[in-house]
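Here is the structure we will look at.
Below, chains carry the letters A, B, ... as their sequence lines are ordered, and counting in each starts from 1.
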Amino acid sequence: MPHELPKAYEPGAIETRWADYWKDEKLFHAPTPPAGHVRNRFSLLLPPPNVTGRLHMGHMLNQTEMDIIIRWHRMRGDLTLWLPGTDHAGIATQMMVERQLRREGKSRRDLGREAFIARVWEWRRQYGGAILDQMKRLGASVDWQREYFTMDENLSHAVREVFVRLYEQKLIYRGNYIVNWCPDCGTAISDLEVKHEDVAGKLWEIRYPVVGSNEFITVATTRPETMLGDTAVAVNAKDERYTHLHGKKVVLPLLNREIPIIMDELANPEFGTGAVKVTPAHDPNDFQAGLRHNLPQIDVMDESAHMNQNAGPYAGLDRFEARKRVVADLEAQGFLVGIKDYTISLGKCDRSGTVVEPRLSEQWFVKVEPLAKRAIEVVEKGYIRFTPDNYKTIYLNWMYNIHDWCISRQLWWGHRIPAWRCSDCKEVIVARETPAKCPKCGSAKLEQDTDVLDTWFSSGLLPFTALGWPKATRDLDVFYPTSLLITGFDILFFWVARMIMLGCWFMMPPEKPTRVGEKPDSHEEALRDSVPFREVYIHALVRDAEGEKMSKVKGNVIDPIQVIEKYGTDATRFTLAAMASPGTDVAFNPSRTEGYRNFANKIWNAARFMFMNVDRIGMARAPSLASAGDRGVAGFQAATLEDRWILSRFNGVAGYVNEALEDHRFHEAANRIYDFFWGEFCDWYIELIKPRLMLEDGGDKGTAEVACANLAVLFEAALRLLHPVMPFITEEIWHAIYDGKPPLQSIALASYPQADEKQIDLKAETHMAVLQDLIVSVRNLRAELKVEPKVKTPIQVYAHETEIRAMIELNRSAIENDRQGGVESITFVESSLAKLPGARHTARFDVHLVYQQKIDVATECARLKKELEKFEKNIASAGRQLSNDAFLAKAPPNVVEGLRKQKQENEALRDKNRKKSDELGCQ
RNA sequence: GGGCGGUUAGCUCAGUUGGUUAGAGCGCCUGCCUUACAAGCAGGAGGUCGCAGGUUCGAGUCCUGCACUGCCCACCA
């Protein structure tokens with residue numbers, strides 16, 4: 001820090017300088033520890049942002065919280081690892097590059113698979129680092145040397161290994177099932193990627209003529225176009241209305257196909273007419289019914305949801321156009337019996353917003369029950385804890401009702417499924433390496449499955465694959481299970497649940513890689529240590545200042561980079577930390593950030609004040625300070641009341657902050673440091689020691705040196721306390737304190753302050769509180785009496801106790817030096833003061849401002865009256881309780897005693913107040 | 001259809017295990033260019049803690065119901 005510091009803190013240059021420094025110096029690199037015992041370790045996996053991503057407030061909240069936690073652990077001396085990386089994000093990335101191609105007038109099919117994938121890699125090389133650069137700017141103390149990409153060779157290898165093992169264990173299977181199909185993306189998607197939305201729809205009632213009779217059977221549908229694929233009509237066996245039709249057939253209108261009437265549970269007699277059309281190729285329930293009755297499956301659409309040749313005259317039409325035409329034709333031909341308004345739950349593709357089509361197709365699935373069983377067990381047993389803990393219930397409910405997971409995607413970008421089909425004998429081969437020939441018929445004509453895996457399949461493996469699995473690496477030994485996962489609730493099922501399922505499967509014997517000679521744990525120990533993380537901390541959504549969800553459509557998206565550029569990273573981080581109360585959404589209000597920018601400025605100026613005095617007094621900087629390994633404020637010499645007080649407060653705050661961080665109560669930690677630094681350290685401590693620092697007014701150099709050293713020592717410790725939340729400004733000032741020659745490379749490597757019980761001084765805190773109260777009372781009186789700022793006045797003080805009187809006498813200069821107090825002199829009197837106005841009475845002292853000025857009697861009377869009401873209310877309330885035997889019997893003695901004392905005080909104050917009113921002649 | 005949150009000052013939000021007079025930031029009002037900081041200092045106004053019951057000596061805090069509001073999950077044509 002140069003000697004001529006700007007008056008206002010300018011974060012821009014300082015922050016980028018330190019961000020570069022931290023990364024270039026590899027300060028946060030955790031090398032693989034050598035064999036043997038490791039000290040406390042703390043490892044975090046960064047939820048990998050999409051390689052296509054741009055930093056948003058959600059990322060920033062997430063990363064700020066993680067960074068606070070890991071910096072804190074690092075400073076506490078733990079062996080820390082924060083593993084960063086990016087996700088290849090199958091669909092998102094493919095779409096991004098396809099958009100780019102479209103602008104060039106090309107499609108991915110023009111390029112062909114290989115060239116397209118090469119193009120995506122090229123895209124990634126060019127732009128894929130953007131989000132990591134942004135992270136660097138946040139100050140995220142990740143281990144940049146271990147950065148991964150989910151398509152790296154070693155990770156891809158692990159993905160294949162997992163796939164093959166699951167296949168061998170019959171936990172992956174392939175088959176023709178109804179899946180959620182996005183016609184826009186041209187791929188299957190999982191249940192989770194479908195977002196349901198209630199919309200106003202219609203229920204069309206259609207009658208199908210019964211073959212060989214004049215009867216009709218009426219069915220209702222929300223999707224009339226699918227009737228073209230009907231292969232049955234179902235009625236419930238118990239439904240007597242239809243008993244006579246059992247075994248008969250109906251004619252499918254429009255296509256004039258004969259289809260059977262079947263009896264199936266699918267039909268609910270309570271709903272509509274009790275008869276339901278069955279379309280096995282376009283509805284999951286119908287599909288199941290179709291299997292039960294061996295019905296044909298007639299797919300009437302193609303992959304872009306246009307009607308195909310099975311739809312006869314409707315072939316080629318888009319599904320919604322087909323619906324209109326089908327309805328019109330049914331009506332024209334007299335088959336449409338009614339149309340009712342009906343609210344339907346419409347499934348849309350999470351990514352494209354297109355209405356999802358249930359589609360029959362051949363896909364790969366994970367049979368999840370065995371994995372889910374274990375994933376339930378570890379959470380029920382508390383081997384993984386959730387914060388806030390209501391997410392445990394949400395997680396478990398989901399896991400209890402889980403369905404098989406469709407993992408194949410009809411995309412090009414992603415981990416290709418390691419399965420091959422023999423062109424000659426149709427044998428399917430699933431293998432770790434590309435097979436040379438068919439093991440069954442020996443043919444060399446093998447074709448690899450064209451599908452890729454769901455992105456979440458590979459990211460679900462990261463806690464162990466990113467540490468070297470399937471090899472038995474030292475990293476896996478030391479850093480797995482990771483200590484904590486911090487993430488948003490939006491990926492609780494997508495990612496968190498999958499990591500637990502897969503982690504507890506592949507990091508549990510026999511899948512877990514073990515070293516030769518390693519002693520196996522008991523089953524329970526192994527299970528406990530198979531979890532991908534010990535704890536999950538779920539943070540909420542970042543909303544805008546009005547509490548609205550941010551969205552591009554609404555145009556209320558707050559770009560963190562813009563906020564950072566305006567107010568600085570530290571202030572933005574502080575905002576998020578201070579707002580991040582577990583379980584509550586963060587309403588991001590930039591006015592708040594402005595306030596914390598002001599806080600940074602406050603720190604900056606306090607530093608300027610400190611350096612000004614260091615230089616003026618002629619002290620060297622570093623030597624007065626504690627060693628880097630100090631966990632407290634060694635070197636601080638508590639010479640005065642304010643010294644003992646601030647030392648005590650510092651320790652109290654350090655204790656509180658450590659406890660808060662232990663419980664992930666970021667907001668409490670941040671707010672407490674803020675209050676301490678600004679409200680106690682700056683507002684009171686610095687003001688109180690100013691006289692000691694002044695050599696010019698005949699001050700003592702020794703005294704000044706002690707005071708100045710204390711200031712520096714305390715400042716340095718406060719910086720360490722604050723560092724996890726505001727890493728940049730603390731780093732900057734910390735280096736300046738050591739005059740550019742710090743004992744360590746970074747404050748990030750210094751020790752985190754811990755509370756020292758021996759330095760807690762409750763008596764000093766009480767005395768200081770009285771002193772503050774007295775000073776504030778004088779300021780109040782001046783404001784009330786409208787004393788001109790330049791006028792100085794004498795005060796009279798009566799202390800109720802000799803100890804307090806001695807304390808005040810000892811610290812009278814603090815009162816006299818208070819700029820807002822304007823105290824000319826202090827006189828102690830021997831009895832309670834009642835001369836009025838201009839007096840204030842408290843339990844510990846009375847103070848009277850000696851000032852002759854006409855006051856507004858009406859105003860004073862109003863104030864007295866209001867005060868009196870407050871006293872009366874307190875007295876009455878306390879009196880009620882104290883006359884209650886049950887209270888006296890059951891409440892703890894200190895509460896009773898406190899209340900009694902309070903009542904007495906209030907009574908005394910009331911009496912004085914009345915006297916005042918009388919003297920003034922108030923009504 | 002299930003489940004989970006929220007409701008505290010004009011605005012945005014805190015308020016660990018129930019305990020004496022419920023807090024912060026911003027905004028607002030008053031006075032200060034005080035030699036670290038006007039991005040500052042000092043003082044002030046402003047809340048029957050959504051409603052109704054209950055438990056308790058004592059409830060913003062625990063329980064029940066209701067209202068309003070937000071979210072998640074769900075293959076009811």
Side-chain angles (χ1 to χ4, degrees), chain A residues 5 7-9 178 180 191 196 203 219-223 234 266-268 270-272 275-279 283-288 342 344-345 347 358 388 390-391 393-394 397-398 401 403 489-490 492-493 540-541 545-547 549 567 578-579 581 583-589 591-592 594-613 659-660 663 665 667-668 671 674-675 682-683 686-687 776 779-780 782-784 786 788-789 818-821 870 873-874 877-878 881 884-892 894-896 898-903 906:
Chain A
L5 304 176
K7 262 176 89 170
Y9 177 56
I178 296 272
N180 305 295
D191 293 348
H196 289 92
L203 193 60
V219 298
T221 179
T222 56
R223 304 204 43 208
L266 179 67
N268 172 8
E270 309 294 320
F271 187 91
V276 58
K277 63 195 258 327
V278 184
T279 323
D283 182 282
N285 290 318
D286 294 10
F287 174 79
Q288 292 300 333
Y342 195 72
I344 52 173
S345 178
N390 60 303
Y391 283 103
T393 315
I394 296 174
N397 280 335
W398 186 77
N401 299 305
H403 298 309
F489 66 86
D490 51 332
L492 180 63
F493 306 135
L541 208 63
E546 278 72 47
K549 198 168 174 172
Y567 299 119
M579 304 286 296
S581 171
T584 312
D585 285 347
V586 175
F588 192 94
N589 193 336
S591 76
R592 203 75 185 230
E594 188 179 350
Y596 294 125
R597 186 273 315 261
N598 296 352
F599 178 51
N601 191 51
K602 187 77 183 177
I603 298 167
W604 184 255
N605 277 293
R608 290 178 64 220
F609 177 78
M610 169 178 59
F611 292 127
M612 187 187 88
N613 282 288
E659 278 175 34
D663 299 341
R665 301 194 310 264
H667 65 301
E668 292 187 13
N671 286 326
Y674 177 98
D675 289 341
C682 290
D683 288 351
I686 288 184
E687 292 305 324
V776 169
R779 291 175 186 167
N780 271 321
R782 285 179 69 91
E784 271 167 29
K786 298 196 179 351
E788 292 289 322
D818 178 47
R819 279 172 177 154
Q820 270 72 34
K870 198 178 82 185
K873 198 178 131 197
N874 288 339
S877 146
Q881 285 197 68
N884 183 332
D885 291 341
F887 173 74
L888 297 175
K890 292 184 181 179
N894 62 319
V895 172
V896 176
L899 195 64
R900 194 168 276 144
K901 209 166 163 186
Q902 185 205 335
K903 183 171 174 248
N906 272 290

- Message: Can you check the distance between B:U48 and B:U12, where both ends of the measurement are the C1' atom (answer in whole Å)?
- Response: 23 Å

- Along nucleotides 18-30 of chain B, 5' to 3', which nucleotides get a B, which get an S, and which get a -, given that the test is a protein heavy-atom distance under 4.0 Å? -BBS---SS----

- Query: Hey, is the side chain of A:Lys7 poking within less than 4.0 Å of OP1 or OP2 on B:G40, counting only N and O atoms?
  - Reply: no

- Query: Is the distance from OP1 or OP2 of B:G44 to the nearest side-chain N or O of A:Asn780 less than 4.0 Å?
  - Reply: yes

- Query: With a 4.0 Å cut-off on heavy atoms, is A:Ile178 in touch with a base, just the backbone sugar-phosphate, or nothing at all?
  - Reply: nothing

- Can you find a pair of side-chain heavy atoms, one from A:Val219 and one from A:Val276, that are under 4.5 Å apart? no

- Message: Under 4.0 Å, heavy atoms only, any strand: does A:Tyr342 hit a base, just the sugar-phosphate, or nothing?
- Response: sugar-phosphate

- Query: Which part of the nucleic acid does A:Glu687 contact within heavy-atom distance under 4.0 Å: base, sugar-phosphate only, or nothing?
  - Reply: base

- Message: If I pick the C1' atom on B:U61 and the same atom on B:U16, what distance separates them, to the nearest angstrom?
- Response: 11 Å

- Message: I'd like the P distance from B:G60 over to B:C13, given in whole Å.
- Response: 22 Å

- Message: Please report the distance separating the P of B:C62 from the corresponding atom of B:C41, rounded so that it comes out in whole Å.
- Response: 36 Å

- Query: Which heavy atom of A:Ala267 sits nearest a heavy atom of A:Ala234, and at what distance?
  - Reply: CB-O, 3.6 Å

- Determine the interatomic distance between P on B:U64 and the same-named atom on B:U55; round to the nearest Å. 15 Å

- Quick one: A:Glu668 CD to B:U16 P, roughly how many Å, whole number? 7 Å

Close N or O pairs between protein and nucleotides 2-7 of chain B (under 3.5 Å):
residue: B:C4; atom: O2'; partner: A:Asn390; partner atom: ND2; Å: 3.1

- Query: Are side-chain heavy atoms of A:Leu266 and A:Asp286 found at a separation under 4.5 Å?
  - Reply: yes

- Remember a base hit wins even if backbone is also touched, and classify A:Val278 as base, sugar-phosphate or nothing at under 4.0 Å, heavy atoms. nothing

- Report the nucleotide, chosen from B:A77, B:C37, B:G15, that has the shortest atom-to-atom distance to any side-chain atom of A:His667. B:G15

- Message: So, does A:His403 get its side chain near the phosphate of B:C75, meaning an N or O under 4.0 Å from OP1 or OP2?
- Response: yes

- Message: As a test of reading the structure: which of B:A39, B:A36, B:C73 is closest to the side chain of A:Arg597, going by heavy atoms?
- Response: B:A39

- Task: Using the P atoms only, state how far B:A22 lies from B:G46, rounded to an integer number of Å.
- Result: 13 Å

- Message: Closest approach to the side chain of A:Val276, judged atom by atom: which nucleotide of B:C75, B:A77, B:C72 is it?
- Response: B:A77

- Item | Secondary structure string for RNA chain B (Watson-Crick or G-U under 3.5 angstrom, | for other-strand pairs) | (((((((..((((.....[...)))).(((((.......))))).....(((((..]....))))))))))))....

- Would you indicate whether the side-chain heavy atoms of A:Arg819 and A:Glu687 approach each other to under 4.5 Å? yes

- Side chain of A:Asn285: nearest nucleotide among B:C37, B:A42, B:C75? B:C75

- Task: Anything under 30° is parallel, anything over 60° is perpendicular, the rest tilted; go ahead and classify A:Tyr674 against A:Tyr596.
- Result: perpendicular

- Task: Scan A:Asp683 against the nucleic acid and name what it touches under 4.0 Å (heavy atoms): base, sugar-phosphate only, or nothing.
- Result: sugar-phosphate

- Query: Any side-chain N or O of A:His196 less than 4.0 Å from the OP1 or OP2 oxygen of B:C72?
  - Reply: no

- Mind telling me whether A:Phe489 and A:Tyr391 have parallel, tilted or perpendicular rings, with 30° and 60° as the class edges? parallel

- Query: What interatomic distance, in whole Å, is found between C1' of B:A67 and the corresponding atom of B:G53?
  - Reply: 15 Å

- Query: OP1 or OP2 of B:C37 less than 4.0 angstrom from a side-chain nitrogen or oxygen of A:Lys602, does that happen here?
  - Reply: no

- Answer with base, sugar-phosphate or nothing: what part of the nucleic acid does A:Phe493 contact at a heavy-atom distance below 4.0 Å? sugar-phosphate

- Message: Base, sugar-phosphate or nothing for A:Ala600? Non-hydrogen atoms, less than 4.0 Å.
- Response: nothing

- Query: What distance, rounded to whole Å, do you find between the two C1' atoms, one in B:A9 and one in B:G15?
  - Reply: 14 Å

